Amino acid sequence: MTIGNINLNLGNAIKIFGWVANRRSSGKIRFIQLRDGTGVIQCVVMADRVTPEVFELADHIPYESSVFVTGQVQKDPRSSLGFEIAVDNIEVISEALPYPISNKDHGVAFLMDHRHLWLRSSRQTALMKIRSVLTRSARAFFDELGFVSIEAPILTPTACEGTTSLFEVAYFDRSAYLTQSGQLYGEAAAMALGKIYVYGPTFRAEKSKTRRHLTEFWMIEPEMAFWELPEAIDLAEGLICRIVWDVLNECSAQLKTLERDITKLELIKAPFPRVTYTEAIDILKQKGVDIEWGADLGADEESALSEAFDRPVFVTHYPSDIKAFYMKRDSSDSRLALAVDLLAPEGYGEIIGGGQREESLEALEQRIEKHGLPKEPLEWYLDLRRYGSVPHAGFGMGIERALAWITGIHHVRETIAFPRLLDRLSP
RNA sequence: UCCCCGAUAGCUCAAUCGGCAGAGCGAGUGGCUGUUAACCAUUAGGUUGUAGGUUCGAGUCCUACUCGGGGAGCCA
């Protein structure tokens with residue numbers, strides 16, 4: 001028996017476990033809002049229905065104490081759900097100490113220090129439920145298309161992309177690094193299995209302090225042998241449509257709790273606009289943004305660009321100089337990389353990054369040298385080009401950024417149960 | 001790494017020109033037979049982040065540090 005399905009038991013005697021989320025008293029009648037993770041229901045404690053001890057208890061039991069309630073489910077228009085529990089008995093499982101989080105406002109620092117308790121709030125439980133639906137939906141999307149799920153290692157021998165700072169850890173008598181992407185391993189798996197996806201954590205030691213950055217976050221990264229850039233873009237579009245659709249269908253109560261304007265999500269249907277980097281620069285210039293061809297798009301530019309559209313926008317064909325070494329060059333313009341980013345609406349920034357991979361051994365070797373990367377640790381990656389290299393493409397979607405956008409919350413730190421941020425490693 | 005802002009009761013915040021340390025919530029007590037962040041009354045609760053400095057006098061001004069928040073770069 002859970003609060004979530006208690007409406008199936010109207011008129012019945014029930015027994016239920018939960019925590020005291022709130023209570024109020026009014027002379028000879030007392031109310032307890034009982035929470036069990038599936039929902040919240042009002043328990044009504046009347047003096048003529050319970051023992052004096054239970055009646056007293058209902059007025060003083062500390063918030064978040066755990067209890068076992070027996071009673072009867074009754075219709076009552078005065079309850080916000082339309083029904084409530086008329087209590088026969090309350091057993092205290094564990095009386096809570098004074099609970100630090102009240103119903104009034106708290107600051108971010110205080111809430112983050114109490115993240116393990118903050119998770120119990122209606123807002124945070126709504127976010128975690130939507131996250132659960134989103135990750136299940138994304139995996140189902142790939143599973144149903146015949147992709148094979150594989151896991152990439154967390155501990156890696158070197159900094160491969162070279163651009164981002166990695167977390168260094170001791171690995172017996174040498175150093176190792178926490179992975180910044182499963183992609184290179186995903187490429188190896190795609191050469192074995194055709195279409196694969198990696199779902200796992202990612203670590204970036206960049207000292208970023210913004211609402212879009214965590215030091216530990218989760219990505220889902222598909223990689224497809226024999227696919228090229230346009231097909232990868234179509235796949236990314238299908239993925240976003242699928243997760244938005246599933247969240248809209250399965251999480252309407254949670255979106256309401258978060259006060260998300262779902263009319264903006266209902267617009268999210270294929271096709272999404274596709275612009276090249278060069279076209280994006282033109283759009284930005286027309287909007288009066290001071291930017292020249294060749295510069296990377298910063299946060300302000302991404303926001304300005306996404307404001308021009310009512311749904312996510314793909315930006316493709318970036319200058320290869322500002323993209324990673326493994327990006328394939330555009331055969332019709334060697335200055336360009338066959339890269340794609342997906343910018344979310346409403347200023348949430350880049351939620352997908354990817355592209356077509358360089359399959360030529362010679363080109364890749366040149367690129368590694370030009371980027372000043374150590375070649376020896378990448379030899380296994382070059383082997384993928386030595387033994388039956390094929391065109392292939394893939395991308396990574398950041399779970400937290402996608403979730404922040406879909407739920408409309410301001411900061412990615414609330415999209416994961418225990419966020420890891422610059423200067424915040426606990427709880 | 002850089003720029004901006006902040007730190008006062010358990011929490012959220014106030015304190016006018018540098019002049020008695022305040023309120024709401026939470027906690028305790030009392031009241032109320034339908035409350036919806038209940039309400040009413042009442043009690044307790046303070047080394048004003050740390051270390052110096054200016055001053056008759058510092059929560060308030062100055063310096064340094066610590067911690068936190070927002071943003072940039074980088075990225076998902």
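Below, read A as the first sequence line, B as the second, and so on, with proteins coming before strands; counting in each chain starts at 1. What you are looking at is a predicted structure, and each value in this text was computed from that prediction instead of being measured.
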Would you say the side-chain atoms of Asp143(A) and Tyr197(A) include a donor-acceptor pair closer than 3.5 Å? yes
Euclidean distance for C1', A15(B) against C2(B) (whole angstrom): 35 Å
Quantified in whole Å, what is the C1' atom distance between nucleotide G24(B) and nucleotide A41(B)? 16 Å
Kindly state whether the ring of Tyr277(A) and the ring of Trp293(A) have centres lying under 6.0 angstrom apart. yes
Cationic tip of Arg212(A) within the cone over Tyr348(A)'s six-membered ring, i.e. under 6.0 Å and within 45° of the normal? no
Summary of side chain to side chain donor-acceptor pair (under 3.5 Å) pairs that have at least one residue in residues 2-21 of chain A, sequence neighbours excluded: Thr2(A)-Asn5(A), Asn9(A)-Asn12(A)
Output yes when a side-chain donor or acceptor of Arg413(A) lies under 3.5 Å from a complementary backbone atom of Pro419(A), and no otherwise. no
For Arg413(A), report the nucleic acid contact type (base, sugar-phosphate, nothing); a contact means any heavy atom under 4.0 Å. sugar-phosphate
Polar contact flag, side-chain donor to acceptor under 3.5 angstrom, Glu187(A)-Tyr326(A): no
Nearest-Å distance, NE2 (His114(A)) to C1' (G26(B))? 13 Å
According to the side chain to side chain donor-acceptor pair (under 3.5 Å) rule, which pairs have a member within residues 301-312 of chain A, sequence neighbours left out? none
Got a second to check how far Ile154(A)'s CD1 is from Leu178(A)'s CG, nearest 0.5 Å? 8.0 Å
Rounded off to whole Å, could you give me the OH-to-P distance for the Tyr63(A) and A37(B) pair? 12 Å
Using a cut-off of under 3.5 Å, enumerate the N/O to N/O pairs linking the protein to nucleotides 1-8 of chain B.
unit_1, atom_1, unit_2, atom_2, d
U1(B), OP1, Lys207(A), NZ, 3.2
U1(B), O4, Lys207(A), O, 2.8

Give every pair of a protein N or O atom and an N or O atom of nucleotides 42-50 of chain B that lie under 3.5 Å apart, one pair per line with the distance.
none

Which nucleotide in A76(B), A72(B), G69(B) has an atom nearest any side-chain atom of Thr210(A): A72(B)
Test: Asp113(A) and Arg424(A) ion pair at under 4.0 Å: yes
C1' spacing across the pair U12(B) / U48(B), given as an integer number of angstrom: 16 Å
Looking only at side chains, do Arg115(A) and Gln124(A) share a donor and an acceptor under 3.5 Å apart? yes
Any Arg424(A) side-chain N or O less than 4.0 Å from OP1/OP2 of C67(B): no
Report the distance from atom CD of Gln286(A) to atom CG of Asp282(A), rounding to the nearest 0.5 Å. 6.5 Å
Asn22(A) side-chain proximity, nearest of C75(B), C25(B), A37(B): A37(B)
Where does the angle between the aromatic ring planes of Phe142(A) and Phe395(A) fall among parallel (under 30°), tilted (30 to 60°) and perpendicular (over 60°)? tilted
Quickly work out the Glu206(A) CD to A76(B) P distance and round it to whole Å. 11 Å
When you compare A58(B) with C20(B), how far apart are their P atoms, in angstrom units rounded to a whole number? 12 Å
Base, sugar-phosphate, or nothing for Ala299(A), non-hydrogen atoms under 4.0 angstrom? sugar-phosphate
Side-chain donor or acceptor of Ser132(A) paired with backbone N/O of Met128(A) under 3.5 Å: no
Counting the atoms with a prime plus P, OP1 and OP2 as sugar-phosphate, which does Ile352(A) contact under 4.0 Å by heavy atoms, base, sugar-phosphate, or nothing? sugar-phosphate
Checking all strands, does Gly298(A) fall into the base, sugar-phosphate, or nothing category for heavy-atom contacts under 4.0 angstrom? sugar-phosphate
G49(B) to G31(B) separation - C1' atoms, rounded to the nearest Å: 41 Å
Hey, is His106(A) doing a stacking thing with C11(B), by the 5.5 Å centroid and 30° angle criteria? no
What nucleotide, of G68(B), G70(B), C75(B), holds the atom closest to the side chain of His411(A)? G70(B)
For G26(B) and A37(B), measure between their C1' atoms and round to the nearest Å. 12 Å
Taking G57(B) as the reference, what is the distance to C11(B) when you measure between their P atoms (whole Å, please)? 32 Å
Nucleotide pairing, RNA chain B (Watson-Crick or G-U, distances under 3.5 Å), in dot-bracket with [ ] and |: (((((((..((((.....[..)))).(((((.......))))).....(((((..]....))))))))))))....
Test item: Glu221(A) side-chain N/O and Gly182(A) main-chain N/O as donor-acceptor pair under 3.5 Å: yes
With no hydrogens and no angle check, is any side-chain donor or acceptor of Ser66(A) less than 3.5 Å from a backbone partner on Ser94(A)? yes
Report which part of the nucleic acid Phe110(A) touches: base, sugar-phosphate, or nothing (heavy-atom distance under 4.0 Å, all strands). sugar-phosphate
Nearest whole Å is fine: how far is C75(B) C1' from Trp405(A) CH2? 19 Å
Per-nt protein contacts along nucleotides 28-35 of chain B (heavy atom under 4.0 Å; B base, S backbone sugar-phosphate only, - none) come out as -S--BBBB
Is the cationic atom of Arg30(A) (NZ for Lys, CZ for Arg) positioned less than 6.0 Å from the six-membered ring centroid of Phe55(A) and within 45 degrees of its normal? yes
Write down the distance separating the P atoms in U1(B) and A9(B), rounded off to the nearest Å. 30 Å
How many whole angstroms separate atom CG of Leu178(A) from atom P of A76(B)? 17 Å
Which one, C25(B), A76(B), G68(B), comes nearest to the side chain of Asp423(A)? G68(B)
State which of G71(B), C11(B), A27(B) makes the closest approach to the side chain of His410(A). G71(B)
Nearest-Å distance for atom pair CD/C1', residues Glu302(A) and G73(B): 12 Å
